[in-house]
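A quick write-up on the structure given underneath.
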Amino acid sequence: MDLIAIHPIFNLYNRKWPIYTEHPPWPPAKFVHGWQERVGRAISSMVSPGVVISGSLVENSIISPNVFVHSWAHVDSSVIMEGCDIGRHAVIRNAILDKNVVIPEGAEIGVDLERDRQRFTVSEEGIVVIGKGQRVER
């Protein structure tokens, strides 16, 4: 999570140390809706191309390409890998979601750690890890 610090040790914006990697032709990230509490926004976060944050809040997180965060969802202190889909009203807190994880509407990850331990891997620090391609049950 150091990447989202104001002055990270490993600074992706250091022009003297370019990162050479493939850049697929994804469109820019999109933040949509702006009505009352349904406002697409990201605070203290890194959001990759191809992401849609639709009427939801992303805080202190890293969002990889091609992720969709649906309305009224809340992602906090998490790393979301490529291709994940986070349903409406879902809460994701202190989690790492591997590629193509589907979180259904209203699901809560990182809120009840005892319940999460029964379904997923949870570190000693309370970080919930969900493996590649899992479709989480509510």
The side-chain contact (heavy atoms from CB on, under 4.5 Å) partner of L57 among V39, V75, I43 is I43

Of all heavy-atom pairs between P65 and S48, which one has the smallest distance, and what is that distance? N-CB, 3.4 Å

List in chain and number order the residues that pass salt bridge (charged side-chain N to carboxylate O under 4.0 Å, His left out) with R119, two or more places apart in sequence or in another chain; answer none if no residue qualifies. D116

Where S77 and S61 come nearest, the two heavy atoms and their spacing: N-OG, 3.2 Å

Minimum-distance pair of heavy atoms, taken over all atoms of G131 and V101: O-CG2, 3.3 Å

Any V136 side-chain heavy atom under 4.5 Å of P104 side chain: yes

Do V32 and V69 belong together in a cluster built from hydrophobic side chains that touch within less than 4.5 Å? no

Would a 4.5 Å heavy-atom cut-off, applied to side chains only, mark I130 and I103 as touching? yes

Taking every non-hydrogen atom, the tightest pair across V47 and A29: CG1-CB, 3.7 Å

I'd like to check N60 versus D76 (side-chain heavy atoms, cut-off strictly below 4.5 Å). Are they in contact? yes

Side chain to side chain donor-acceptor pair (under 3.5 Å) partners of R117, counting only residues at least two apart: E114

So does E59 get a backbone contact from the side chain of S44, meaning a donor-acceptor N/O pair under 3.5 Å? no

Check G40 against F31 and note the closest heavy-atom contact, atom names and distance. O-CB, 3.5 Å

Residues C84 and L97: closest non-hydrogen pair is SG-CB, 4.0 Å

Polar side-chain atom of S56 near backbone of W72 as donor-acceptor pair, under 3.5 Å: no

Name all pairs fulfilling the side chain to side chain donor-acceptor pair (under 3.5 Å) condition that reach into residues 80-93, sequence neighbours left out, sorted by first residue then second. H70-D85

N/O donor-acceptor pair under 3.5 Å between S78 side chain and I96 backbone: no

